[in-house]
Amino acid sequence: MASVNSLASTLQQQLADALTAALPDAGTADPLLRRSDRADFQANGILALAKKLKGNPRELASQVTAAIPAGDLIKEIEVSGPGFLNITLSDKAIIETLAARAADDEGRLGVPYGQNAGTTVVDYAQPNVAKEMHVGHLRSAVIGAAMVEVLEFTGETVIRRHHIGDWGTQFGMLIQYLIEHPQELDHRGGEEQDGEATMSSLNRLYKASRALFDSDEEFKARSRDRVVALQAGDEETVALWQRFVDESKIYFYSVFNKLDMEIRDPDIVGESGYNDMLEETCRILEETGVAVRSEGALCVFFDDVKGPDGNPVPLIVKKTNGGYGYAATDLSAIRDRVQNLKASTLLYVVDARQSLHFKMVFETARRAGWLNEDVKAHQLAFGTVLGKDGKPFKTREGETVRLVDLLDEAIERATAVVREKAEKVGLTEQEIVENGEYVGIGAVKYADLSTSAVRDYKFDLDQMVSLNGDTSVYLQYAYARIKSILRKAGEIRPVAHPELELAPAERALGLHLDQFGENLAEVASTYEPHKLAAYLYQLASHYTTFYDQCHVLSDENPAEVVENRLFLCDLTARTLHQGMALLGIRTPERL
Ligand code: ARG
C-alpha cells in the first residue's frame, strides 16, 4: 500500500460523514475545509447548510462535532463565530501520516497514483527547422516538460509531441539554393556535427537564400516550383529537405541537452508528419459543411471572431492556390491524436499570441466531432518574455536573443555564485562546474515556472540567481543545507516518534509536507505548474522557520527529539528533491 490519504482529506471525510449523520436529509454536503491560522483547519460549510435548512448554525455545528467518531486524528474542535468549526489535529496523527509517506515503498511519498487517469497528448517544445531557437521556445519546453512530469507522476498516460515547424514554402527556397550552390553542401558535409556550428551554417544558408529570393525573380519562381516538387515527393528534393531536418535536430538536441531536458526522437512529429492527412481533413470538413468555399479558399467561420472592420475572420484550411497552412496541419494532428493515439485530453503549450488560432482550431474540431465531451483540448498559453526594460526581449541590435547565449550567461553567473561559497563547503573544481550548470539552468527554468504562465515575465539574470527570495537557488540551498545536517548526524538516523509533542514550527512544516500530493493533483488538473513552485518555496520557508526555532542536532535534546527532527528534515529534503525534479531542476547534494 503506497498511497497515503492526507490529513486534510481524512478530516474532510470525517466531517462530511458527521454532517450526514447529524442531518440525514442534507444529502452530500461539503464542509468546506480550509487551512486556517487560528487552528490547523476551519470548516465553513455548516453556515450555508444551516441557512438552507433554516436551522441554527451553531447548534448544527455542535451536532456535527458530536457526530465525529472518537479517534486519534483530532486534538481539539470548537464551534466559533456564527457557526464555524476550528479544528486542531493531534501531533500523533501528523507524525504518523508523515511516517506513512516516508515509508512509501515506491518512493512516491504516498502520492496517489492514477485515479482519474486518461491519456493526455502534450504538444510542447516545438522549434522550427533551419531557424535559431529563441526564448519563446524555451518557455514552451520548460513549462511543457514540467506538465509532462507532473501528469505522469499523478498517473496520467502522457504522449509527448514536438510539433516542429518542418514544412512550408521556405523549404523550397532553401533546397533550391542548396541545389544551385552545391559547394555549400560539400563544405557543410565536412563540418563537425556539433549543434551550434550546424545552426550557424544553417543560418548562413537561410540568410543567403532569403537574400536571393527577395532580389531575383527567377530564383523565386524556381523556389516555388521546388515547393511543388517537395510536396509531390520528388526524391532528390525530399532527400535535401531531410538533410535540413536532420541537421536542425542535431542543433535542437544540443540546446535541449544544455537545458538538461530529454527529448526523444519518436516524439518529434513535425508539421510534415501530417502531410498525408491534409487532403482528407479538408474533404471531411467540406462534406460535413463545417468548412465552406469563400473566395476560392476553404474556410470556417465563427460568430464571435471578427476583424477590426467588423467582418468575420475565417480560419483558412485550404488557401485559394490550393496550399495548406498551419490550420490544416493542426486539425489533422487533432484527428491523429484523437483517433490513432486515443487521447482523452490534448494539451498545447504554446505562446498566448497563438490563442486565436487555437480557439478557432478547437471550435472547428468540435463542430467536426473530433473533440467532444470525452475528448477535450486546452491551450496552456504562456506570455511573452520581456527584457529588464519591460519590452519584448531583444538584443541591443533589436534582434531576438539566441537561446544558447542566454543559457550560457545564466550558467556563467550561477557558477560565480557557487564559487563564492565553494571553499566553505569544500567543493572540487568539477563540482563547482557541475553545480554552476544545475544552478544556472535551474534559475532559468524556475523563473519561467514560478509565475503564472499566461503572464509576461522579465528575464532578469541578477534576480534569477539571487540567494534570497523566490528563486531556484534558494530552494537548492535549502536542500543542500538539509543534506549537510543529515550527513552531520552520522550514525543518528531519522526516526518518526508519534508520541512526541510538536513545536508550532514542526507542526506547520509537517502539515505542509502532508499537502504535497494534493498540490500535485491541483497542478495536474489546472495545468498551473507555478503552483508547484509556490508550494516548494513555502516548504523551504517553513523549513527555514523550523530550523531557526527548533535545534536539530543539539546535545540538550532527548534522543527521540533529535531523531524526530531528523525525520522531518529527511522528509522535507525528499519532498523538495521530488518536487524540483518534476520541475526539471536538479538538487545538488552539496552546494
Ligand atoms: N512551431 C511553432 C512556433 O514556433 C509552435 C507550434 C505549436 N504547436 C502546434 N501544434 N501548432 O511558433
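When a ligand or atom number is given, it counts from 1 through the structure's own listing order. Since the structure is predicted, the reported quantities are computational estimates derived from the model, not experimental observations. As a basis for the values below, the full set of heavy atoms in this structure was taken, side chains included, without hydrogen atoms, waters or symmetry mates.
- The two residues Leu582 and Val150 have their closest heavy-atom pair at CB-CG2, 4.2 Å.
- Near ligand 1, residues Asp123, Gln126, Asn128, His137, His163, Tyr326, Asp330, Tyr348, Val350, Gln354, Phe358 come within 4.0 angstrom through at least one heavy atom.
- Tested against Val142, the residues Ile441, Asp448, Val349 include a single side-chain contact (heavy atoms from CB on, under 4.5 Å) partner, Asp448.
- A cation-pi geometry, defined here as NZ or CZ lying under 6.0 Å from the six-membered ring centre and within 45° of its normal, holds between Arg108 and Phe153.
- Ring geometry for Phe358 versus Tyr348: interplanar angle of 30 to 60°, hence tilted.
- Take Glu180 and apply the salt bridge (Lys or Arg N to Asp or Glu O under 4.0 Å) test, not counting sequence neighbours, and it matches Arg222.
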**Request:** Could you walk me through whether Phe459 and Leu386 pass side chain to side chain contact (heavy atoms under 4.5 Å, CB included), step by step?
**Result:** CA-CA 6 Å; Phe459 198 95; Leu386 307 173; over 6 Å; no

